[in-house]
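The structure appears below as structure tokens.
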Amino acid sequence: MFINVFDAAKFRIMLRSFFFLFTLVFFSSAVFCADSVNSQEYLKLKIENSLSFGVNMEADSTISLFQVRSNIFPQTYNDSQYLNDFQTSYNGYKVINESSNFYLLYSFEKEDLRENNLIQNDFILESTVSRPKIRTKVLYPVSFVSEENREYLGFKEFIDVNEDIRRQASLLADGEDDLFVLTSKVAKWIREDINYNLSTALENPNQTSTQVFKSKSGVCREITNLFLSMMRSLGVPARVVTGYAYTDSEEIVTYVGSHWGGHAWAEVFIGDEWVPFDLTYNQYGYVDATHIILDKSAYLRTSSASINASGYGFSLKPQSLHNDIDTIEILEKREQLYDSGYKTTIFATQSLGFDSYGYVKLTVKNMDAFYKLLFIRLSKVKDVELLDSAEKMVIFLPNEEKDLYFRFKIPSDLDEHYIYTYPFAVYNEFFEEKIDVTVSPEFLRMKEIALPEIKNETKSFSDKSLEFSCEYYYGFENNTLVCSVRNTNNFEIPSFLFCTADKSDCTNTDLKINEVKTLSLRSKQDNETLIYEYKTPQKGKQSGSFEVLLKEPTLSLSQKEENGFYLVEYDIDNYVDGLMVSVFHNGVFVESSSLRANSFSFPLVDGNNTISLVMEHSGSTIFEMQNVTYYHKEEIEQETNKTLSFWESIVLFFKSFFSWI
């Protein structure tokens, strides 16, 4: 009787196992099936765009300029996107190339305008997967940024930064010397810490990076802006890409009203390549063929169309300007996602007792000679407790092989009359591996100590000198040293000591990775030697020194005679606030000026003309001085030997008299 019951139970478990497996395969196919548009290697698309606006015009109106700019123009970008054909219903246009971004500029004459205007554009576009191939390690910190890429390091508008963002980025960069790996770490942290939430687009639209960091939620453009802020704070050029992308997400389709919607993602400059990172789609190092590029820029473009017009007797209808993509139709496609380039094998202890610990081991080899990144997932199995995250972000170096472990625990309260078969599957966009684990009370109970050790991540710290830029200004009692210090290493400096040589003035501060701080010191020396100390993870205490030369304010003069007047011009080198230049003519005060450069004009008199300029500084708050005056005096002697007539003397007298008034 026991055997019959056991066999029946075993049959039911087999059915149950089949059901679990069927559910798993159905889910996997639903997400990653070959029919998904996002899994296509190549797409040929027809994009229909409508641009409309309204104009109120009087009969006697005059239009000197009327231009409409449309940023919806999907031009060719490298090898990932090619504009095959473009047709428009209005031929008065030009294609403008502005910093490698293309847009359409329509010009209208008065007779071309109507009360309601509509331009219909049709684009035939070919798109493929964009995957720049990073074949060698690019070191971090970045040692050089070209002039053309410096604009991708700035902060303004929605891409802003604060100490919290700098600190988090600095923590992620600590000990990381591989730029591709660091970029992936920052993207992963944002993905796990910031919630993609469409409701924020209505409740709190256009959040800045600092607001997203605080609220922990945002939409694609806001999450992308935060990613850019963090990368730029680390000294890495990064830019925003805007366009359209396809999604099967029911939430997004319901919100947008279409599978195709406006989208934003990022590109990071790694080596000599702009590498895409889409945090919304979890596509790091590549983007799929549905990503249609419209614009690449340092900051997010706020509108897709604008009008520039001048004249009189006409006005634009309020809120009448619309620039929309109406439809995107797939004309051709290739169903095979690009070659995965991976070799995989799966292993697990396939016979376990109740209350046992086990693991699934997946060995993955990158068959290509360039960097790749995968999100590898373990399917959820009922009743089994996962001891690790069900998803792992794995970075593969060129031709690298890695072993990945997913640890789990079999429950202890299973029915002893059953044999359980648990189906495990490890999968991602490119492959899927399956294995069954059989559990029975007759099998050996495996203890936790039998699990393989998970290797900790190793760190590699840089050994770069700090960057200093100092100015030394004359201060009348105490000279002022103003120094800019940048931490160019991939580790934080918790206590940076900066002093004058005799340590009469010191400052102590923290320096995050890539952080620049302005430090001030005071000294009475004409030339000062500055010393500094800090600790490094590898070499311990480091120290150094350098000399800074004092920059005293100096007065430069030029003079010339002109029509009986003497013109004196001055200029102050190493100017500081609070300086005053006074002019004296033959020992008599004439005028004062606090300008860095100025000119004075004096009437010449018969005989000697002595003009004195005195530069002084009294009670300057910059140097926090009281009742101290510094004099820098230069004299100019002018001999006048010519003899004047009676009427010339009278004219000169009145000129001199009115000039003093």
Side-chain angles (χ1 to χ4, degrees), residues 45-58 61 63 65-75 83 85-96 98 101-125 157-158 198 200-206 219-222 224 240-247 252-264 290-297 299-311 313-329:
L45 306 167
K46 180 180 180 182
I47 302 173
E48 295 182 354
N49 159 233
S50 59
L51 173 62
S52 60
F53 59 93
V55 183
N56 297 317
M57 300 180 61
E58 299 176 4
S61 62
I63 295 178
L65 176 69
F66 198 104
Q67 292 181 330
V68 182
R69 170 173 172 162
S70 172
N71 296 317
I72 295 182
F73 189 65
Q75 253 294 338
L83 181 62
D85 189 25
F86 165 58
Q87 300 292 331
T88 180
S89 61
Y90 183 75
N91 292 323
Y93 73 91
K94 292 181 179 179
V95 177
I96 307 297
E98 189 177 86
N101 286 313
F102 296 86
Y103 62 87
L104 293 168
L105 188 65
Y106 294 93
S107 297
F108 290 83
E109 302 294 336
K110 178 180 177 180
E111 56 270 18
D112 298 325
L113 293 172
R114 304 290 183 268
E115 182 179 357
N116 294 298
N117 301 271
L118 173 66
I119 301 173
Q120 186 67 48
N121 297 322
D122 292 336
F123 306 93
I124 303 297
L125 191 73
E157 299 171 346
F158 300 109
L198 280 172
T200 62
L202 298 175
E203 297 170 1
N204 189 17
N206 298 324
V219 294
C220 63
R221 64 178 181 273
E222 297 165 335
T224 297
V240 62
V241 185
T242 53
Y244 276 71
Y246 183 94
T247 181
I252 298 177
V253 171
T254 301
Y255 180 83
V256 176
S258 170
H259 285 279
W260 295 90
H263 190 47
T290 74
H291 285 65
I292 308 304
I293 303 167
L294 296 179
D295 184 57
K296 298 183 179 185
S297 56
Y299 302 95
L300 189 68
R301 195 181 300 279
T302 56
S303 62
S304 62
S306 60
I307 294 179
N308 181 25
S310 62
F314 73 95
S315 62
L316 299 176
K317 292 184 178 181
Q319 299 180 342
S320 66
L321 180 61
H322 297 283
N323 195 22
D324 305 303
I325 287 185
D326 301 321
T327 61
I328 299 180
E329 178 185 355

For this session: Would you sort out whether V55 and L316 count as a side-chain contact (heavy atoms from CB on, under 4.5 Å), showing the intermediate values?
Result: CA-CA 5 Å; V55 183; L316 299 176; 4.1 Å; yes
Identify the two heavy atoms, one from [X] and one from [Y], that lie closest to each other, and give their separation to 0.1 Å.
X: A264; Y: T224; answer: O-OG1, 3.3 Å
X: G262; Y: C220; answer: O-SG, 4.5 Å
X: I292; Y: P74; answer: CG2-CB, 4.1 Å
X: G313; Y: S61; answer: O-CB, 3.1 Å
X: S70; Y: L51; answer: CB-CD2, 4.1 Å
X: S107; Y: Y90; answer: O-OH, 2.9 Å

Any side-chain heavy atom of [X] sitting closer than 4.5 Å to one from [Y]?
X: I63; Y: E109; value: no
X: R221; Y: N206; value: yes
X: Q120; Y: D326; value: yes

For this session: Kindly write out the residues that satisfy ring-ring contact (aromatic ring centres under 6.0 Å, His included) with F53, not counting sequence neighbours, or none if the list is empty.
Result: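 Listed in chain order: F66, F108.
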Seminar exercise, completed: Those residues at least two apart in sequence (or on a different chain) that pass ring-ring contact (aromatic ring centres under 6.0 Å, His included) with F123 are F73, F86
For this session: Go through M57 and K110 one step at a time and tell me if the side-chain contact (heavy atoms from CB on, under 4.5 Å) criterion holds.
Result: CA-CA 9 Å; M57 300 180 61; K110 178 180 177 180; 3.6 Å; yes
Exercise. Passes side-chain contact (heavy atoms from CB on, under 4.5 Å), N116 versus S52? Steps please.
Worked result: CA-CA 7 Å; N116 294 298; S52 60; over 6 Å; no
What's the separation between atom [atom1] in [X] and atom [atom2] in [Y], rounded to the nearest 0.5 Å?
X: I307; Y: L321; atom1: CD1; atom2: CG; answer: 4.5 Å
X: W260; Y: L45; atom1: CH2; atom2: CG; answer: 5.0 Å
X: N71; Y: E98; atom1: CG; atom2: CD; answer: 9.0 Å
X: N49; Y: N121; atom1: CG; atom2: CG; answer: 4.5 Å
X: I325; Y: I47; atom1: CD1; atom2: CD1; answer: 5.5 Å
X: Q75; Y: I293; atom1: CD; atom2: CD1; answer: 11.5 Å

Exercise. Do side-chain atoms of H259 reach the backbone of T247 as a donor and acceptor pair under 3.5 angstrom?
Worked result: yes
Seminar exercise, completed: Residues pairing under salt bridge (charged side-chain N to carboxylate O under 4.0 Å, His left out) where one sits in residues 111-122, two or more places apart or in two chains, turn out to be E115-K317
For this session: For a side-chain contact (heavy atoms from CB on, under 4.5 Å) with Y103, tell me which candidate from I96, D295, L294 qualifies.
Result: I96
Problem set entry | side-chain contact (heavy atoms from CB on, under 4.5 Å) assessment of T88 paired with Y106 | CA-CA 11 Å; T88 180; Y106 294 93; 3.3 Å; yes
